[in-house]
Asker: 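Here it is: the structure, laid out below.
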Amino acid sequence: MAVDLLLGLQWGDEGKGKIVDVLTQKYNIIARFQGGPNAGHTLIFDGHKHVLHTIPSGIFHHSALNIVGNGVVIDPVILKKELENLDRHHIDYASKLLISRKAHLILPTHRLLDAASETSKGKAKIGSTLKGIGPTYMDKTGRNGMRVGDLELDNWKEKYRALTEKHIRMLDFFDVDIQYDINELESEFYVGVEKLMSLEFIDSEEFLNNAVKEGKTILAEGAQGSLLDIDFGTYPFVTSSNTTAAGACTGLGVAPNRIGEVFGIFKAYTTRVGSGPFPTELFDDDGATMARVGHEFGATTGRPRRCGWLDLVALKYAIQVNGVTQMMMMKGDVLSGFETIKVCTSYLYKGKEITHLPYNIEPENVTPKFTEFKGWKEDLTIMTQEDQLPRNLLDYIKFIEKETQTPIKIVSVGPDRKQTIIRQF
Ligand code: GDP
Ligand code: IMO
Ligand code: MG
């Protein structure tokens, strides 16, 4: 099948960027299908670290084309910075980065509205990355948005100004103090737009479907994670797009019967950044150790990530919603040195033991029940083959495979491109 999907099964930051980079050599096209610069996808190779927000994670390979799909929202100001980072590393993107005309634009005032909305919520805030994601998708579904293709019209600045003025009036509805200089924001936006317009715009659904007909292979790259999905995540503490498999169909214009493998990525433990329920969250030394050893700080905002044990109830839910065919387990190396590893296998929900994710997973409704495993001490980061992996880790992997009925094809043992063990079966 022509189009494989790769998406996160938890609350984001599972390591999608790293694995897309590892898999890129097998594909002709890498296509981002949703989200925007709220994403931070980290790639490490040849001693350099790169964080991508909008650009697909195949950009560092010569062989593949990279497409920013219609489901993505683009902030020209942030995209410009990403492109400048590529310039600094002499990466030639001009011929291999294509932008969908139907992708929506994040205007500076979308960012202001995001900040105003979050501030007005006080303690109930979502913990948004404040990149303007929610307000931009609201304009998209409200049929008011500006799209990349609009930039090819002579009067795009009129459209920009009309929408901006509307946003400024909307800001007044929020009784909060947001400081901004609209002229400064506008000139920064115009400079970003100029850089964006130096890239090639395409009718991406046409392009991708033609590629499929020509026998080309496509890897669709997701952003965020399944539990941040607007429909299936821990609403309202979610993002504003469909991060799950169906989002790839609407975010790229490829039909469901074109989808082949669905690769689901998860960490050997769980993290979450921002607000919202997280049943297996740890507030003790174990959680602090995961955060320290795993360098659990947001790639976009630098905020500390909350850490906890692997939650198989939530993982099974994500596998089901996405139709995952293969999994990748990331960051097992971070768990080296724990005496005991715990995995949540059921919840105590209103006095009853359940194994599905219920509507209310707030701490007052749900108590996780754990199965314990013996830990391992070996340093995984120097391992290159499956037969070097410690017995106790293999037991842990086999248990997850048995519980989820899904094979774990890749075990990642460090952040570098090379620290990737592909299992043979
Ligand atoms: P993404 O948003 O899913 O692409 O993930 P992020 O890049 O936000 O977060 C994943 C973090 O874990 C990054 O800092 C990666 O460099 C790092 N990472 C990825 N895989 C591994 C791994 O197997 N072990 C360790 N220790 N770090 C990893
Ligand atoms: P990647 O692609 C982790 C979280 C935010 C917040 C909620 C809504 O790197 O995995 P938004 O900015 O979308 O309004 O924020 O979603 N969030 C992420 N958490 N990884 C991400 O992306 C995220 N993108 C958004 O922290 O809780
Ligand atoms: Mg990330």
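Keep in mind that this is a model prediction, so the values were computed, not measured. Remember, it's 1-based here, ligands and their atoms both numbered in the order they're listed.
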Asker: Is it true that Lys125 and Ser120 share a donor-acceptor pair across their side chains at a distance under 3.5 Å?
Answerer: no
Asker: When the ring centroid of Phe45 is compared with that of His50, is the distance short of 6.0 Å?
Answerer: yes
Asker: So which heavy atom in the protein is nearest atom 24 (N) of ligand 1, and how far is it from that ligand atom?
Answerer: Asp333 OD1, 2.8 Å
Asker: Looking only at heavy atoms, is any part of Asp114 under 4.0 Å from ligand 2, and if so is it the side chain, the backbone, or both, or is it neither?
Answerer: neither
Asker: Using a 3.5 Å distance criterion without hydrogens, assess whether the side chain of Thr381 forms a donor-acceptor pair with backbone atoms of Val413.
Answerer: no
Asker: Do Glu372 and Thr340 have a side chain donor and acceptor closer than 3.5 Å?
Answerer: no
Asker: Is ligand 2 less than 4.0 angstrom away from at least one heavy atom of Gln224?
Answerer: yes
Asker: For ligand 2, is there an atom lying under 4.0 Å from some heavy atom of Arg305?
Answerer: no
Asker: Answer with yes or no after comparing the ring centroid distance for Phe338 and Trp309 against a 6.0 Å cut-off, counting only values under it.
Answerer: yes
Asker: Using a 4.0 Å heavy-atom cut-off, which part of Lys131 comes near ligand 2: side chain, backbone, both, or neither?
Answerer: neither
Asker: Does atom NE2 (His89) have a neighbourhood of more than 12 heavy atoms from anything else shown, all under 6.0 Å?
Answerer: yes
Asker: Give me the nearest non-hydrogen protein atom to atom 2 (O) of ligand 1 as residue plus atom name, then the distance to 0.1 Å.
Answerer: Gly40 O, 2.8 Å
Asker: Could you identify the single nearest non-hydrogen protein atom to atom 19 (N) of ligand 2 and state the distance to 0.1 Å?
Answerer: Val273 CG1, 3.4 Å
Asker: Just to verify, which of Arg306, Lys331, Arg272 counts as forming a side chain to side chain donor-acceptor pair (under 3.5 Å) with Glu296?
Answerer: Lys331
Asker: Can you list the atoms of ligand 1 that are under 4.0 Å from a heavy atom of Gly17?
Answerer: 4 (O)
Asker: Are more than 12 heavy atoms, taken from residues, nucleotides or ligands other than Glu364, located less than 6.0 Å from that residue's CD atom?
Answerer: yes
Asker: For ligand 2, is Gly225 a contact, meaning one of its heavy atoms is under 4.0 Å away?
Answerer: no
Asker: What protein heavy atom lies closest to atom 10 (C) of ligand 1? Include the residue and the distance to one decimal.
Answerer: Asp13 O, 3.6 Å
Asker: Where does the angle between the aromatic ring planes of Tyr396 and Trp376 fall among parallel (under 30°), tilted (30 to 60°) and perpendicular (over 60°)?
Answerer: tilted
Asker: Mind checking whether the Mg ion (ligand 3) has an N, O or S of Ala299 under 2.8 Å?
Answerer: no
Asker: Any atom of ligand 1 sitting under 4.0 Å from a heavy atom of Ala39?
Answerer: no
Asker: What residue and heavy atom of the protein are closest to atom 16 (O) of ligand 1, and at what distance?
Answerer: Pro415 CB, 3.4 Å
Asker: Looking at Asp285, I want to see if its CG is surrounded by more than 12 non-hydrogen atoms of other residues, nucleotides or ligands under 6.0 Å.
Answerer: no
Asker: Give the C-alpha distance, both sets of side-chain angles, the deciding distance and a yes or no for salt bridge (charged side-chain N to carboxylate O under 4.0 Å, His left out) between Lys374 and Glu339.
Answerer: CA-CA 6 Å; Lys374 273 206 187 114; Glu339 277 309 314; over 6 Å; no
Asker: I'd like the atom name of the N/O/S atom in Asp13 lying closest to the Mg ion (ligand 3).
Answerer: OD1
Asker: With a 3.5 Å cut-off and no angle check, do the side chains of His104 and Asn70 form a donor-acceptor pair?
Answerer: no
Asker: For Leu228, counting its heavy atoms only, list the atoms of ligand 2 lying under 4.0 Å from any of them.
Answerer: 4 (C), 16 (O), 17 (N), 18 (C), 19 (N)
Asker: What I want to check is whether the side chains of Glu261 and Thr325 have a donor and an acceptor closer together than 3.5 Å.
Answerer: yes
Asker: Would you say Thr301 contacts ligand 2, with heavy atoms under 4.0 Å as the rule?
Answerer: no
Asker: Looking at Val334, which atoms of ligand 1 are within less than 4.0 Å of one of its heavy atoms?
Answerer: 26 (N)
Asker: Before signing off on this row, confirm whether Ser240 and ligand 2 have an N or O atom pair separated by under 3.5 Å.
Answerer: no
Asker: Looking only at protein heavy atoms, which one is nearest to atom 23 (O) of ligand 1, and what is the separation?
Answerer: Ser412 OG, 2.5 Å
Asker: Which option, Thr42, Ile421, Leu43, owns the non-hydrogen atom nearest atom 14 (O) of ligand 1?
Answerer: Thr42
Asker: For Glu386, does the CD atom sit with more than 12 other heavy atoms under 6.0 Å from it, leaving out its own atoms?
Answerer: yes
Asker: Which ligand 2 atoms, with their elements, are less than 4.0 angstrom from a heavy-atom of Arg303?
Answerer: 5 (C), 26 (O)
Asker: For the 3.5 Å polar cut-off, considering only N or O atoms, please tell me whether Glu14 and ligand 2 meet it.
Answerer: no
Asker: Quick test: of every protein heavy atom, which one is nearest to atom 20 (N) of ligand 2, and how far off is it to 0.1 Å?
Answerer: Asp13 OD1, 3.0 Å
Asker: If you measure every N/O of Gly15 against every N/O of ligand 1, is any gap under 3.5 Å?
Answerer: yes
Asker: With a cut-off of 4.0 Å, which atoms of ligand 2 are near a heavy atom of Lys16?
Answerer: 1 (P), 2 (O), 10 (O)
Asker: Are Phe232 and Tyr317 an aromatic pair by the rule of ring centers under 6.0 Å?
Answerer: no
Asker: Considering the heavy atoms of Ala223, write down every atom of ligand 2 situated less than 4.0 Å from one of them.
Answerer: 2 (O)
Asker: Lys131 and Asp114: which non-hydrogen atoms are nearest, and at how many Å?
Answerer: N-OD2, 3.4 Å
Asker: How close does the nearest protein non-hydrogen atom get to atom 8 (C) of ligand 2, and which residue and atom is it?
Answerer: Val238 O, 3.4 Å
Asker: Do Lys18 and ligand 1 have an N or O pair less than 3.5 Å apart?
Answerer: no
Asker: If we ignore angles and hydrogens, is there a donor and acceptor under 3.5 Å between the side chains of Ser226 and Thr243?
Answerer: no
Asker: Below 4.0 angstrom from a heavy atom of Ala39, which ligand 2 atoms are there? Numbered from 1 as shown, please.
Answerer: 1 (P), 2 (O), 9 (O), 22 (O)
Asker: Got an N/O contact under 3.5 Å between Lys267 and ligand 1?
Answerer: no
Asker: So, is Met330 polar-close to ligand 1, with some N/O to N/O distance under 3.5 Å?
Answerer: no
Asker: Assess the side chains of Asp150 and Tyr160: does a donor N or O sit below 3.5 Å from an acceptor N or O?
Answerer: no
Asker: Please report which non-hydrogen protein atom sits nearest to atom 13 (O) of ligand 2, along with the residue it belongs to and the distance in Å to one decimal place.
Answerer: Thr239 OG1, 2.6 Å
Asker: Could you check atom 12 (O) of ligand 1 against the protein and tell me its nearest heavy-atom contact, residue, atom and distance included?
Answerer: Lys331 NZ, 3.0 Å
Asker: What are the atoms of ligand 1, with element, lying closer than 4.0 Å to any heavy atom of Val413?
Answerer: 23 (O)
Asker: Counting C-beta onward and ignoring hydrogens, is there a side-chain heavy-atom pair between Met138 and His110 closer than 4.5 Å?
Answerer: no
Asker: Please tell me if the side chains of Ile400 and Leu315 come closer than 4.5 Å, counting only heavy atoms from C-beta onward.
Answerer: yes
Asker: Nearest non-hydrogen contact with atom 15 (O) of ligand 2 belongs to which option: Ser128, Gly17, Pro37?
Answerer: Ser128
Asker: If you measure from each heavy atom of Trp11 to ligand 2, is any distance below 4.0 Å?
Answerer: yes
Asker: Answer yes or no for Gly127: is there a heavy-atom contact with ligand 2 below 4.0 Å?
Answerer: yes
